[in-house]
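Structure first, then comments.
Both ligands and their constituent atoms are indexed starting at 1 by order of listing. In this text the structure is predicted, and so the values were computed from the model without any measurement.
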Amino acid sequence: MTKRVILIGHPVAHSLSGAMQQAAFDSLGIDAVYEQWDRSPMAFAEAIAELRGDDFLGANVTIPHKERVVPLVDRLTDEAHVTGAVNTLTREGKRLIGHNTDVPGFKVALDRLVGKQKMPRQAVVLGAGGGARAVVYGLITDGFQRIIVFNRHLHRAEGLVKHFGRHAAHMELRAMPWHDSIIESELARTRVLVNATSIGLTTDDTPIPAETLHGDLLVLDLIYSRTRLLRDAAAAGATTADGGLMLLHQGAAAFTLWTGQPAPLELMQAKLDEARAGGLRSAEGERTGVPADGISADDPAG
Ligand code: NDP
């Protein structure tokens, strides 16, 4: 029986994940299809229940459902439990297991961004959704000592901080209200800036004014394109990267969870590049029209 793997989001558009996952299944002779389901919050629980059927290998969960799925699964891995966010599901019989492969994906992207420099200790994170939770956990476990989270709705950032609780007891993790002046003063004492909002995903907007950026920053935008934020940051002299490497590595880790096999990284990278060049969009952050920044196929193993 052909197995099914589903990407569930709202919207899911034309997914880059589909291009890379289907090519990976085919290249290893795995009889599976990668499908996209656009499910609104109202229809989401029913869709998750359907995944318990025998024909499903598992699923990816994306914007805006990564937190919503948590109470709907039977077991969470440590990373999914600690973050309170799930981006990958596997099935054991009728039981669904929730994983978070955004965490290792983010860490690969951060390592590449930092390069040979010493890992910084201070970061500003914009956004407090499912993606931001993986980012914050990745930063905590990489030894960051001060992480400030800004979010349009402050209560969500406060909920994120509260959620991490004892995992952040040894360091300073704070939610702050979204004001340009506060963001600017925090950025002045920070090396790492991560955009985990969806601002810039479908429009050419930027979450923060260009004047708040400075040349010592390392800026990672989880969106898989050369967003206005990245263009402004590069103009200010900062080092920048988009979400391409994170997308590749979260997908590779998910592939291994579904199939038990190592992911064909070079092929997946090539398929991502091809799909992007063809103008497809990703539920994880690719936007048409503007080429991706800084993440290339020349070292897909990250
Ligand atoms: P969620 O829906 O869980 O969170 C969305 C976030 O964006 C929230 O912080 C939300 O703020 C903020 N936001 C959305 N619109 C606006 C706006 N107009 N003004 C201010 N803030 C806004 O999504 P995810 O966390 O899953 O994804 C966030 C982004 O990260 C997406 O662009 C996604 O594509 C990308 N991503 C990329 C990955 C990769 O592999 N490269 C992996 C994971 C995510 P509020 O809470 O106030 O609504």
Side-chain angles (χ1 to χ4, degrees), residues 7-13 15-17 20-21 40-41 44 60-70 79-80 83-88 99-110 112-113 124-138 149-161 163 175-180 183 194-208 220-230 241-254 268-269 272 276 281-287 292-295 302:
L7 170 68
I8 308 181
H10 185 62
V12 283
S15 170
L16 286 176
S17 291
M20 71 171 170
Q21 297 293 2
S40 69
F44 185 69
N60 277 141
V61 180
T62 188
I63 180 172
H65 298 313
K66 287 178 181 178
E67 294 157 83
R68 183 170 288 116
V69 69
V70 167
E79 278 175 349
T83 55
V86 163
N87 79 322
T88 301
H99 309 254
N100 193 317
T101 69
D102 281 339
V103 175
F106 167 72
K107 286 186 167 224
V108 173
L110 180 67
R112 176 73 69 84
L113 181 67
V124 164
V125 177
L126 306 176
R133 283 170 174 250
V135 167
V136 167
Y137 188 57
V149 181
F150 291 95
N151 197 52
R152 171 177 59 179
H153 296 103
L154 178 60
H155 66 86
R156 197 173 181 190
E158 289 169 341
L160 180 154
V161 168
H163 179 87
M176 285 195 184
W178 189 298
H179 290 301
D180 289 348
I183 295 175
V194 181
N195 178 35
T197 74
S198 43
I199 301 171
L201 179 61
T202 55
T203 62
D204 197 30
D205 292 326
T206 179
I208 51 174
L220 176 64
D221 197 329
L222 299 200
I223 296 171
Y224 187 18
S225 68
R226 192 165 163 72
T227 55
R228 195 168 140 205
L229 172 66
L230 293 179
D242 67 31
L245 205 55
M246 179 169 172
L247 180 67
L248 174 67
H249 283 270
Q250 63 75 28
M268 292 169 84
Q269 173 78 69
L272 280 179
R276 191 180 58 211
R281 293 176 50 181
S282 167
E284 287 297 11
E286 196 268 356
R287 174 165 64 82
D293 165 72
I295 304 298

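Closest to atom 32 (O) of ligand 1 by heavy atom, among Ala109, Ser17, Ser198, is Ser198.
A heavy-atom separation below 4.0 Å is found between Ala196 and ligand 1.
Minimum interatomic distance between Arg133 and Thr83 (heavy atoms only, all atoms of both residues): NH1-O, 2.9 Å. The shortest heavy-atom contact between Leu220 and Asp242 is CD1-O, 3.4 Å.
Here Pro64 has heavy atoms under 4.0 Å from ligand 1 in both its backbone and its side chain. Heavy atoms of Asp102 found under 4.0 angstrom from ligand 1 belong exclusively to the side chain. Proximity of Asn151 to ligand 1, defined as any heavy-atom pair under 4.0 Å, is confined to the side chain (atoms from C-beta onward). Proximity of Arg156 to ligand 1, defined as any heavy-atom pair under 4.0 Å, is confined to the side chain (atoms from C-beta onward). Both the backbone and the side chain of His153 come within contact range of ligand 1, each with a heavy atom under 4.0 Å. Within the 4.0 Å heavy-atom criterion, neither part of Asn87 lies near ligand 1. Under 4.0 angstrom from ligand 1, the non-hydrogen atoms of Ile223 all belong to its side chain.
Under a 4.0 Å criterion applied to the non-hydrogen atoms of Gly129, ligand 1 contributes the atoms 3 (O), 4 (O), 9 (O), 25 (O). Annotation for ligand 1: atoms under 4.0 Å from non-hydrogen atoms of Gly131 are 24 (P), 25 (O), 26 (O). Within the listing of ligand 1, atoms 3 (O), 25 (O) sit less than 4.0 angstrom from a heavy atom of Gly130. The contact set between ligand 1 and Thr197, taken as ligand atoms under 4.0 Å from a residue heavy atom, comprises 6 (C), 7 (O), 12 (C), 29 (C), 32 (O). Annotation for ligand 1: atoms under 4.0 Å from non-hydrogen atoms of Ala128 are 9 (O). The atoms of ligand 1 that sit less than 4.0 Å from any heavy atom of Gly127 are 9 (O).
Asp102 places no side-chain N or O within donor-acceptor distance of the main-chain N or O of Ala134, the cut-off being under 3.5 Å. The closest donor-acceptor contact from the side chain of Gln21 to the backbone of Gly251 lies under 3.5 Å.
For the pair Leu247 and ligand 1, the shortest N or O to N or O distance falls below 3.5 Å. Residue Ile199 has no N or O atom closer than 3.5 Å to an N or O atom of ligand 1.
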Requested in this report: Before giving the answer on side-chain contact (heavy atoms from CB on, under 4.5 Å), spell out for Asn100 and Tyr137 the whole-Å C-alpha distance, their side-chain angles and the decisive distance to 0.1 Å.
Outcome: CA-CA 11 Å; Asn100 193 317; Tyr137 188 57; over 6 Å; no
Query raised in the report: When you look at Arg156 and Glu67, which way does the side-chain contact (heavy atoms from CB on, under 4.5 Å) test go after all the steps?
Result: CA-CA 12 Å; Arg156 197 173 181 190; Glu67 294 157 83; 2.9 Å; yes
Report task. Give the intermediate values and the outcome of side-chain contact (heavy atoms from CB on, under 4.5 Å) for residues Thr227 and Asn195. Result -> CA-CA 10 Å; Thr227 55; Asn195 178 35; 5.9 Å; no
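In this structure, Lys66 NZ and Asn60 CG are separated by 8.5 Å, a value rounded to the nearest 0.5 Å. If you take CD1 on Ile63 and CG on Asn87, they are separated by 13.0 Å, rounding to the nearest 0.5 Å. Between Leu247 atom CG and Gln269 atom CD the span is 9.5 Å, to the nearest 0.5 Å.
Aromatic ring orientation, Phe150 versus Trp178: perpendicular (interplanar angle above 60°, classes split at 30° and 60°).
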